[in-house]
Amino acid sequence: MAPSLILMKAGDRVKTDRRDAAMLAKLHRSGELTAVWIPDAAHEAMRDLVRARATGMRVLGKARQHLQGFLLRHGRIYAGKKGWTLAYRRWLTTVRFDHPASQIVLQDYIHAVTDAEARVDCLTKRIEDLAPQWSMTPFVEAVQAMRGVAFIVAVTVVAEVGDFSRFDNPRQLMAFLGLADGQGPHQAHRGSILQ
């Protein structure tokens, strides 16, 4: 049951297991408890894998930011329009510093980026390999039917939301995602995958 949605009387501060059990039994009998969805072990494992990839993406972004900050600090500015293209990577191989320590730092930053990219690619491949055996694959395919939603975004949404059928209407789903302004008394508990 969702603890945050259990009705409590104002001023009721006495807490004992016996009283709590009796109160929960009464609320259950009257149908006033809100059930929560509990993911199975396979769903939790897939969610962990998706979150590991998200962490890898953050690490990659930081690694790129460190490299670009280092280059900018030393006045090495790419003349092209867009970074991280094949042309940009070719340009990186031409960057040279007079001092050996600066060249070592440059290479270290480049290696950090390539290592982070390899990690993200590996985790993405693992998600692609495991998704067909996942019980939530039909939901992933359904979410991909929305315009602009690719595989990884769909897997991430499904991994975080879980069983969509637990929401009676779109408003409840939006409240769960933290995208609704307010929440009525009959809506699902709130948590945000966007935090």
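When reading the values below, keep in mind they use all heavy atoms of this one structure, side chains included, and skip hydrogens, waters and symmetry mates. Just so it is clear, the structure is predicted and the values come from calculations on it, not from any experiment.
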Around Arg126, counting heavy atoms of other residues, nucleotides and ligands shown, do more than 12 lie under 6.0 Å from its CZ?
no

Just verifying a value: how many Å separate Gln65 CD and Leu60 CG, rounded to the nearest 0.5 Å?
11.5 Å

Is there a path of hydrophobic side-chain contacts, each under 4.5 Å between heavy atoms of I/L/V/M/F/W/Y residues, joining Leu86 to Val113?
no

Same cluster or not: are Val153 and Val155 linked, directly or through other Ile, Leu, Val, Met, Phe, Trp or Tyr residues, by side-chain heavy atoms under 4.5 angstrom apart?
yes

Will you find, in the side chains of Arg58 and Thr55, an N or O donor that is under 3.5 Å from an N or O acceptor?
yes

Which donor-acceptor pairs under 3.5 Å do side chains of residues 67-83 form with protein atoms, sequence neighbours excluded?
| unit_1 | atom_1 | unit_2 | atom_2 | d |
| --- | --- | --- | --- | --- |
| Arg76 | NH1 | His74 | O | 2.9 |
| Arg76 | NH2 | Arg96 | O | 2.8 |

Which atom pairs, one a donor and one an acceptor, fall under 3.5 Å between side chains of residues 127-136 and the rest of the protein, sequence neighbours left out?
| unit_1 | atom_1 | unit_2 | atom_2 | d |
| --- | --- | --- | --- | --- |
| Asp129 | OD1 | Lys125 | NZ | 3.0 |
| Asp129 | OD2 | Lys125 | NZ | 3.4 |

Apply side-chain contact (heavy atoms from CB on, under 4.5 Å) to residues Val157 and Phe139 and explain how you reach the verdict.
CA-CA 10 Å; Val157 168; Phe139 289 105; over 6 Å; no

Show the numbers, then the answer: is there a side-chain contact (heavy atoms from CB on, under 4.5 Å) between Thr94 and Arg90?
CA-CA 7 Å; Thr94 66; Arg90 263 190 247 120; over 6 Å; no

Least distance between heavy atoms, His111 atom then Thr114 atom
O-OG1, 3.0 Å

CD1/Ile110 to CD/Gln107 distance, rounded to the nearest 0.5 angstrom?
4.5 Å

I'd like to check Leu123 versus Arg119 (side-chain heavy atoms, cut-off strictly below 4.5 Å). Are they in contact?
yes

Determine, using the 4.5 Å side-chain heavy-atom cutoff (strictly less than), whether Phe164 and Met174 are members of one ILVMFWY cluster.
yes

Distance-only, no hydrogens or angles: does the Arg53 side chain make a donor-acceptor pair with backbone N or O of Val50 under 3.5 Å?
no

Check: Gln144 side chain, Val149 main-chain N or O, donor-acceptor pair, under 3.5 Å:
no

Tightest non-hydrogen contact, residues Arg166 and Asp163, listed as CG-O, 2.9 Å

If we only count heavy atoms from C-beta on, is the Val105 to Phe97 side-chain gap below 4.5 Å?
no

Would you name the heavy atoms of Tyr88 and Trp84 that are closest together and state the gap between them?
CD2-N, 3.2 Å

Is Val59 reachable from Ile152 through a run of I, L, V, M, F, W or Y residues, each pair having side-chain heavy atoms under 4.5 Å apart?
no

Enumerate donor-acceptor pairs with a distance under 3.5 Å from any side-chain N or O in residues 38-49 to protein atoms, sequence neighbours excluded.
| unit_1 | atom_1 | unit_2 | atom_2 | d |
| --- | --- | --- | --- | --- |
| Asp40 | OD1 | Ala42 | N | 3.4 |
| Asp40 | OD1 | His43 | N | 2.7 |
| His43 | NE2 | Ala159 | O | 2.9 |
| Glu44 | OE2 | Arg47 | NH1 | 3.4 |
| Arg47 | NE | Ala159 | O | 2.8 |
| Arg47 | NH2 | Ala159 | O | 3.3 |

Closest non-hydrogen atoms of His66 and Tyr109, given as atom of the first, atom of the second and distance, are CB-CE2, 3.7 Å

